A.B. asks: 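The structure that follows is given in the form of C-alpha cells.
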Amino acid sequence: MPPHAEEEKKSKVLVFGAGNFGSCLADHLSDSSHEVFVWSRSENIVKGLNQFHKNPEFLQDHVFPEGLKAVGPEFPSAELVRQMDVLLFAIPTEGVRELLGQLKPRLDETRLPLLIFVNKGIEIGTKALTLDIIADVCGPKVAREAAFISGPSFAKEIIKRQPTSVSVASLSDEAAQKASVLFHQPWFRCYTGDDPIGVELAGALKNVYAIAAGMSDGLGFENNTRAMLITRGLAEMTRIGTAYGASPLTFLSLAGVGDLFLTCSSSTSRNYTVGFRLGKGEKLDHIIETLGSVAEGVTTTKGLKELIDDLGVKAPIACGVYEVLYEGKDVAERSRYLMSLPPIRELDLPLETGKPAQRLMDKLGLDVRAAEAS
C-alpha cells in the first residue's frame, strides 16, 4: 500500500457487472481496503462469490477477498445505492442506457456518488458514446462529473497484481483525480486527463482493429503485417477521433496506442480471437456462440461504420472489418483489396473537425469554443 493510502478516505463502491473486468476491478478495490459490493444478474455468480469467494463463470481459479460482497440478481435497492461513494459500471455499452434508466430513480440528487465507466463501445443505432448516454438518461450535471477509465489492462494480469497503468479522464478535474486516487496502488498506476471523448473513442475503436489484427494472424501473416495494422489502425483512430472533436494527442496515450498495441498483439484478447478464428475460416455466428465472453468490437464495428460515413473520413481497415462481419466478405479477399489501394500520404488529419463533440458539449452546457478562445 502506498505511503499516502492510509490518509485517503476509504470508499463504499458498488460495481455493476461481474464479468472478467468487473470482477477483477472489484477484487482490486476490495484488496485496497475499500468496502466493495458487486452486482450480477446471475444468481450462480452471487452465490459463488458470497459463499465460496469464487466466481464460477469468470476468473474461475481466482479466490476473491472475503470482504467482497455480491448482490443480485435483483437490481440494487435505493437504500444500498444511496450508501455508496462510488458506482462503477463494467457492463457492455449496449446495456448502459437501460441500466442507468433503472438506476436514476434510486440516486439521491443532493448527494451524487462518483460514477466511473470502464465499458468500451459505441451504441448501435444512436452512435452515442457513453458520455452522451449518461446525459440523455441522468442529465448534463451527472455526465459532466462522470469519469472514464481505459488502457492496456487485461483482467487476468490485474488480479495477479502485475504492474498496470491506465488513463482516467473526465470533464471534471476533481472527478478524474478522485477516480485516480481510488484505484491507485503500487501495482496499478493512473494518469488523469480531460478528454473523455477521446478516451472513449480510443477504447471503443481499438477493439475493431484488434479484430483486424486477429484476421491477419489467422491468415498466416506474421510480424510485418501486424506492425503495419497497428500503425495504420492508430492513424485511422486518430483521424476518426480528431474529426469527431477529440484531441489527437489522446490517441498517443495509454487509452490509445497503449490499449491498441495490447489488444492487437495478444491471443488472450477476445476481439483478437474473433478475428483470428474468422481468418481461419470460421463463421461469425459460431464464434460468438462459443466465445464464452463478450467481444465488444463486433457490435462496435457496426456503430463505427455509421460514424465513419457521417464524418466523411477515410478508414479502409475499419470498413474492411465491417464488410467481413456484416456483409459476408471473404477475409483473404479484403486483405488483398486493402493492399492494392493506391499509395497515399502517410500522416494527415481531417480539415473539418469537432462537430459531434461540439453538439455533445452543447448538450452538457459547456462551450468548447469559448474555452479554446480563452
Side-chain angles (χ1 to χ4, degrees), residues 19-21 24 57-61 92-94 119-122 124 150-158 162 202-237 256-305 315-341:
N20 278 320
F21 206 49
C24 91
E57 298 180 26
F58 302 94
L59 305 173
Q60 295 167 333
D61 295 332
T93 300
E94 289 303 308
N119 56 294
K120 300 171 181 178
I122 300 171
I124 295 175
S150 190
S153 48
F154 282 160
K156 290 181 179 179
E157 296 181 19
I158 293 174
Q162 295 185 9
L205 270 53
K206 59 91 182 176
N207 288 329
V208 177
Y209 296 99
I211 294 175
M215 289 177 181
S216 171
D217 286 5
L219 289 171
F221 301 137
E222 299 183 55
N223 298 302
N224 290 355
T225 313
R226 187 187 307 119
M228 173 188 70
L229 280 169
I230 292 173
T231 307
R232 294 310 302 163
L234 179 62
E236 286 190 13
M237 287 169 56
V257 67
D259 211 0
L260 177 68
F261 180 83
L262 177 70
T263 313
C264 288
S265 59
S266 175
S267 59
T268 62
S269 159
R270 299 183 299 276
N271 294 288
Y272 170 95
T273 299
V274 169
F276 184 83
R277 292 173 65 178
L278 285 166
K280 288 294 186 183
E282 292 187 52
K283 298 297 183 184
L284 180 62
D285 289 346
H286 175 68
I287 295 170
I288 297 302
E289 287 174 6
T290 57
L291 190 62
S293 56
V294 176
E296 285 201 318
V298 175
T299 52
T300 297
T301 299
K302 185 177 287 187
L304 175 58
K305 178 60 167 61
I317 299 173
C319 290
V321 173
Y322 175 85
E323 289 163 351
V324 170
L325 294 181
Y326 294 105
E327 295 181 356
K329 296 289 179 68
D330 179 72
V331 176
E333 186 279 326
R334 284 294 88 185
S335 170
R336 290 190 294 270
Y337 168 78
L338 288 172
M339 289 303 295
S340 68
L341 291 172

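Note that the structure is predicted; figures quoted are calculated from it, not measured.
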A.B. asks: Which pair of heavy atoms, one from Cys264 and one from Ala213, lies closest together, and at what distance?
C.D. replies: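 The pair with the smallest heavy-atom distance is O-CB, 3.5 Å.
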A.B. asks: Quick one: closest heavy-atom pair of Gly203 and Ser150, and the distance?
C.D. replies: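 Looking at all heavy atoms of both residues, the closest pair is CA-OG, 3.8 Å.
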A.B. asks: Which heavy atom of Arg277 sits nearest to which heavy atom of Thr290, and what is that distance?
C.D. replies: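 Closest approach of Arg277 to Thr290, heavy atoms only: NH2-OG1, 2.7 Å.
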A.B. asks: Using modelled atom types only, decide if a donor and an acceptor are shared between the side chain of Glu296 and the backbone of Lys120 within a distance under 3.5 Å.
C.D. replies: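 Yes, Glu296 side chain to Lys120 backbone: donor-acceptor pair under 3.5 Å.
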A.B. asks: Determine whether Thr273 and Ile287 make a side-chain contact, defined as any pair of heavy atoms from C-beta on separated by less than 4.5 Å.
C.D. replies: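 Not in contact.
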A.B. asks: Any chance you could lay out the side chain to side chain contact (heavy atoms under 4.5 Å, CB included) test for Leu325 and Ile211, step after step, and finish with the verdict?
C.D. replies: CA-CA 10 Å; Leu325 294 181; Ile211 294 175; 4.3 Å; yes
A.B. asks: Could you check whether any side-chain heavy atom of Met215 comes within less than 4.5 Å of a side-chain heavy atom of Leu229, counting everything from C-beta outward?
C.D. replies: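 With C-beta onward as the side chain, the pair stays apart.
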A.B. asks: Let me confirm one number: the CG-CG distance from Asn207 to Leu260, rounded to the nearest 0.5 Å.
C.D. replies: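 Rounded to the nearest 0.5 Å, the CG-CG separation comes out at 9.5 Å.
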A.B. asks: Considering non-hydrogen atoms only, spot the tightest contact between Ala318 and Tyr209 and give its length.
C.D. replies: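 Taking every non-hydrogen atom into account, CB-OH, 3.5 Å.
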A.B. asks: Please say whether more than 12 non-hydrogen atoms of neighbouring residues, nucleotides or ligands are located less than 6.0 Å from CD in Gln60.
C.D. replies: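 Result for CD/Gln60: enclosed.
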A.B. asks: Would you say the side chain of Ile317 lies within less than 4.5 Å of the side chain of Val208, judging by non-hydrogen atoms?
C.D. replies: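 Counting from C-beta outward, Val208 and Ile317 never come under 4.5 Å.
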A.B. asks: Could you tell me if the side chain of Arg334 sits less than 4.5 Å from the side chain of Glu327, heavy atoms only?
C.D. replies: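 No - every pair of side-chain heavy atoms lies 4.5 Å or more apart.
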A.B. asks: Any non-hydrogen side-chain atom of Phe21 less than 4.5 Å from a side-chain atom of Asn119?
C.D. replies: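 Contact flag for Phe21/Asn119 side chains = no.
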A.B. asks: If I compare all heavy atoms of Thr263 with all of Ala210, which pair ends up nearest, and what's the gap?
C.D. replies: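 Result for this residue pair: CG2-CB, 3.2 Å.
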A.B. asks: Measuring only between side-chain heavy atoms, which start at C-beta, is Ser265 closer than 4.5 Å to Tyr272?
C.D. replies: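 Side-chain contact under 4.5 Å: no.
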A.B. asks: Go through Leu284 and Leu278 one step at a time and tell me if the side chain to side chain contact (heavy atoms under 4.5 Å, CB included) criterion holds.
C.D. replies: CA-CA 7 Å; Leu284 180 62; Leu278 285 166; 4.3 Å; yes
A.B. asks: Check for a donor-acceptor pair, side chain of Ser335 on one end and backbone N or O of Val331 on the other, with a separation under 3.5 Å.
C.D. replies: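 No, because the side chain of Ser335 does not come within donor-acceptor range (under 3.5 Å) of the backbone of Val331.
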A.B. asks: Check the orientation of Tyr322 and Tyr326. Use parallel for under 30°, tilted for 30 to 60°, and perpendicular for over 60°.
C.D. replies: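 The arrangement is tilted - the two ring planes meet at 30° to 60°.
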A.B. asks: Go through the structure and list residues passing side chain to side chain contact (heavy atoms under 4.5 Å, CB included) with Ala227, not counting sequence neighbours.
C.D. replies: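 In terms of side chain to side chain contact (heavy atoms under 4.5 Å, CB included), with neighbours along the sequence ignored, Ala227 is linked to no residue.
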A.B. asks: Spell out, as yes or no, whether a donor-acceptor pair under 3.5 Å connects the side chain of Ser216 to the backbone of Glu222.
C.D. replies: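 No.
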A.B. asks: Of the non-hydrogen atoms in Pro316 and Leu341, which two are nearest, and what is the gap between them?
C.D. replies: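 It is CB-CD1, 3.9 Å.
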A.B. asks: Determine yes or no for a side-chain-to-main-chain donor-acceptor pair under 3.5 angstrom, with Ser153 supplying the side chain and Gly151 the backbone.
C.D. replies: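 Checked: pair present.
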A.B. asks: Do Cys24 and Lys156 have side-chain heavy atoms sitting under 4.5 Å apart?
C.D. replies: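 No - every pair of side-chain heavy atoms lies 4.5 Å or more apart.
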